[in-house]
Amino acid sequence: MRSFYIAHEEDIKAGKTTDIYFIRTRKILVERGIHRRVFADVTTTGLPKGWKWGVLAGIEEVAKLLEGLPVNVYAMPEGTIFHPYEPVLQIEGYYEEFGIYETALLGMLSQASGIATAALRVKIAANFKPVYSFGIRHMHPAIAPMIDRSAFIGGCDGVSGVLGAEMIGEKPVGTMPHALILTVGDQVKAWKYFDEVVEPEVPRTALVDTICDEKFEALMAAEALGERLTAVRLDTPGSRRGNFRRIIEEVRWELDLRGYEHVKIFVSGGLNEESIREIVDIADAFGVGSSIASAKPIDFSLDIVEIEGKPFTKRGKLSGRKQIYRCENGHYHRVSADKKLERCPVCGAKVEPLLKPLIENGEIVAELPKATEIREYVLEQAERFGLGLD
């Protein structure tokens, strides 16, 4: 018996993480000899909380899921900004060959894209100041690496998870827990022990809200570590927070007054894009948990839009093959695949097709970029297209 309620890679590749009706559909098609080639779109009709744009994530996992199957797959590059009703991925093949993977591939795209989108929105709210993902404790550990990767490519500057960081080729980022200070029994000793024991390349960030008032603990930390102190972290619980902005202002004032201008203020604890905007001008860095890690998944669906070369789909969907073009100025255009665009109908700028070959007859043909490259692509789009939080 398994110790944890998790699916292993071989379970997913074997199609065991599917909804039962896809298994029954394949059984019916095979036993009745129905062998029809279909073309399907993956789209969403809306984004959580009325968001106007999303960040596509999970493409690499989908590529590995469908690798080896007799299908062709087209997709937007991972990290692409997309909108409702725009296909982000398309599959071409015999339905009985890939239908049982619909549940898994939608889950891969939906959750990863929701986390990546939330991460970029937080990064924008922070005026692109450092943001770190600290939220894996709120989710099942089996998916911690996926959460960390999605948060990172969405714009976070680092992640706290050891395995997640390792899998994206980054070093994990973190400060110190209240447990260290409580177990040592003295905050100054705890800060000094951290400084003495932890490898020197790790920034010295002191947690300053465990026992005393934040501004007094901040001064104690500054006096104890001096120039070696990089930052103080305020993780004040909501029940004790009062006016959090005023607390941060007090800490900044008292540190500056005593010559500790070099000490940054790192804040964490229940932060989201709304609360960050209220303090972004006085805080230097943000540790964000559940608002990124537990972000609402994007509700993608997979719909057949063509059967045996003929446009055909269900009510509420658009039949036929499509392409999404984007111009240099960020205008998007959804057109029939047989229509080629060279220039943007809105501004006249050059356009590029976003749906590109990912898999050809089971072989991955697209480059699968590193997480750092995807993150750079995401942030470049945010800056170039002036993405906002409306």
Side-chain angles (χ1 to χ4, degrees), residues 6-32 34-48 54 56-76 78 82 84-116 142-143 146 150 296-308 310-322 324 355 357-364 366:
I6 60 175
H8 300 300
E9 288 188 8
E10 56 268 26
D11 296 323
I12 299 171
K13 286 286 287 185
K16 291 183 178 180
T17 58
T18 192
D19 296 299
I20 186 61
Y21 66 1
F22 292 122
I23 299 289
R24 292 168 180 161
T25 297
R26 182 175 66 174
K27 179 178 176 66
I28 293 168
L29 294 177
V30 171
E31 292 195 6
R32 291 295 179 265
I34 301 172
H35 190 57
R36 293 174 181 165
R37 194 168 183 83
V38 305
F39 193 94
D41 286 346
V42 174
T43 60
T44 182
T45 58
L47 298 170
L56 180 62
I59 291 295
E60 180 177 327
E61 286 194 312
V62 170
K64 298 294 179 61
L65 173 69
L66 300 178
E67 184 179 16
L69 298 179
V71 296
N72 297 324
V73 181
Y74 311 88
M76 293 183 179
E78 189 150 19
F82 70 92
Y85 300 102
E86 296 170 352
V88 298
L89 184 136
Q90 301 165 321
I91 304 176
E92 179 182 23
Y94 293 99
Y95 188 77
E96 69 270 20
E97 300 283 0
F98 71 84
I100 63 170
Y101 297 102
E102 177 173 337
T103 304
L105 77 86
L106 290 178
M108 289 172 173
L109 295 176
S110 295
Q111 190 161 27
S113 298
I115 293 168
I143 60 171
M146 180 280 295
S150 302
K296 184 175 176 57
I298 291 173
D299 190 8
F300 285 116
S301 64
L302 184 149
D303 298 287
I304 292 174
V305 296
E306 176 186 285
I307 297 180
E308 292 292 344
K310 297 181 179 180
F312 188 60
T313 192
K314 71 178 186 180
R315 296 173 62 195
K317 301 292 180 177
L318 299 179
S319 64
R321 303 189 183 208
K322 308 165 192 70
I324 304 298
L355 290 162
L358 177 66
I359 293 176
E360 291 183 358
N361 197 29
E363 180 182 353
I364 297 175

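Here, residue 1 is the first one in the sequence, and each next residue gets the next number.
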Counting only N and O atoms by type, is there a donor-acceptor contact under 3.5 Å from the side chain of [X] to the main-chain atoms of [Y]?
X: Thr43; Y: Glu86; answer: no
X: Glu67; Y: Ile364; answer: no
X: Tyr101; Y: Lys13; answer: yes
X: Glu78; Y: Glu60; answer: yes
X: Thr44; Y: Asp299; answer: yes

* For Arg36, does the CZ atom have more than 12 heavy-atom neighbours from other residues, nucleotides or ligands under 6.0 Å away? ->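 No.
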* Above 12 or not: heavy atoms from other molecules or residues under 6.0 Å from CD of Glu9? ->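 Atom CD in Glu9 is not packed in, count stays at 12 or less.
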* Asked: Run the side chain to side chain contact (heavy atoms under 4.5 Å, CB included) check on Glu61 and Leu109 step by step: do they pass?
  -> CA-CA 9 Å; Glu61 286 194 312; Leu109 295 176; over 6 Å; no
* Contacts of Phe300 that satisfy ring-ring contact (aromatic ring centres under 6.0 Å, His included) - sequence neighbours left out ->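 Phe300 satisfies ring-ring contact (aromatic ring centres under 6.0 Å, His included) with Phe82 only.
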[atom1]-[atom2] distance between [X] and [Y], expressed to the nearest 0.5 angstrom:
X: Glu96; Y: His35; atom1: CD; atom2: NE2; value: 5.5 Å
X: Lys64; Y: Ile12; atom1: NZ; atom2: CD1; value: 13.0 Å
X: Ile59; Y: Leu65; atom1: CD1; atom2: CG; value: 11.5 Å
X: Glu92; Y: Phe39; atom1: CD; atom2: CZ; value: 6.0 Å
X: Ile324; Y: Gln90; atom1: CD1; atom2: CD; value: 8.0 Å
X: Ile298; Y: Thr45; atom1: CD1; atom2: OG1; value: 11.5 Å

* To do: State, to 0.1 Å, how close Ser113 and Ala57 come at their nearest heavy-atom pair, and which atoms those are.
  =>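 The pair with the smallest heavy-atom distance is OG-N, 3.0 Å.
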* Asked: Between Gly15 and Ile100, which heavy-atom pair has the shortest distance, and what is it?
  ->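 Smallest heavy-atom distance, with atoms named: CA-CD1, 4.0 Å.
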* side chain to side chain contact (heavy atoms under 4.5 Å, CB included) between Arg26 and Leu29, intermediate numbers included -> CA-CA 5 Å; Arg26 182 175 66 174; Leu29 294 177; 5.8 Å; no
* **Flag side-chain contact, heavy atom, 4.5 Å: Asn361 against Val71** =>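 Side chain of Asn361 against side chain of Val71, heavy atoms only: no contact under 4.5 Å found.
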* Asked: Any side-chain heavy-atom pair from Val38 and Tyr94 closer than 4.5 angstrom?
  ->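 No, their side chains stay 4.5 Å or more apart.
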* Asked: Which is it for Ser301 and Lys317 under the side chain to side chain contact (heavy atoms under 4.5 Å, CB included) test, yes or no, and what are the steps along the way?
  -> CA-CA 11 Å; Ser301 64; Lys317 301 292 180 177; 3.5 Å; yes
* Quick one: side-chain hydrogen bond (donor to acceptor under 3.5 Å, both in side chains) partners of His8, sequence neighbours excluded? ->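 Residues passing side-chain hydrogen bond (donor to acceptor under 3.5 Å, both in side chains) with His8: none at all.
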* Kindly write out the residues that satisfy side-chain hydrogen bond (donor to acceptor under 3.5 Å, both in side chains) with Lys322, not counting sequence neighbours, or none if the list is empty. =>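 Applying side-chain hydrogen bond (donor to acceptor under 3.5 Å, both in side chains) to Lys322 gives Asp41.
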* Asked: Given the rule in the side chain to side chain contact (heavy atoms under 4.5 Å, CB included) test, do Ile20 and Ile23 qualify, once you have shown the distances and angles that lead to the verdict?
  -> CA-CA 5 Å; Ile20 186 61; Ile23 299 289; 4.0 Å; yes
* **Check against salt bridge (Lys or Arg N to Asp or Glu O under 4.0 Å), Lys310 and Glu306** => CA-CA 5 Å; Lys310 297 181 179 180; Glu306 176 186 285; over 6 Å; no
* Answer with yes or no whether the side chains of Thr313 and Asp303 bring together a donor and an acceptor at under 3.5 Å. =>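 No, no side-chain donor-acceptor contact under 3.5 Å.
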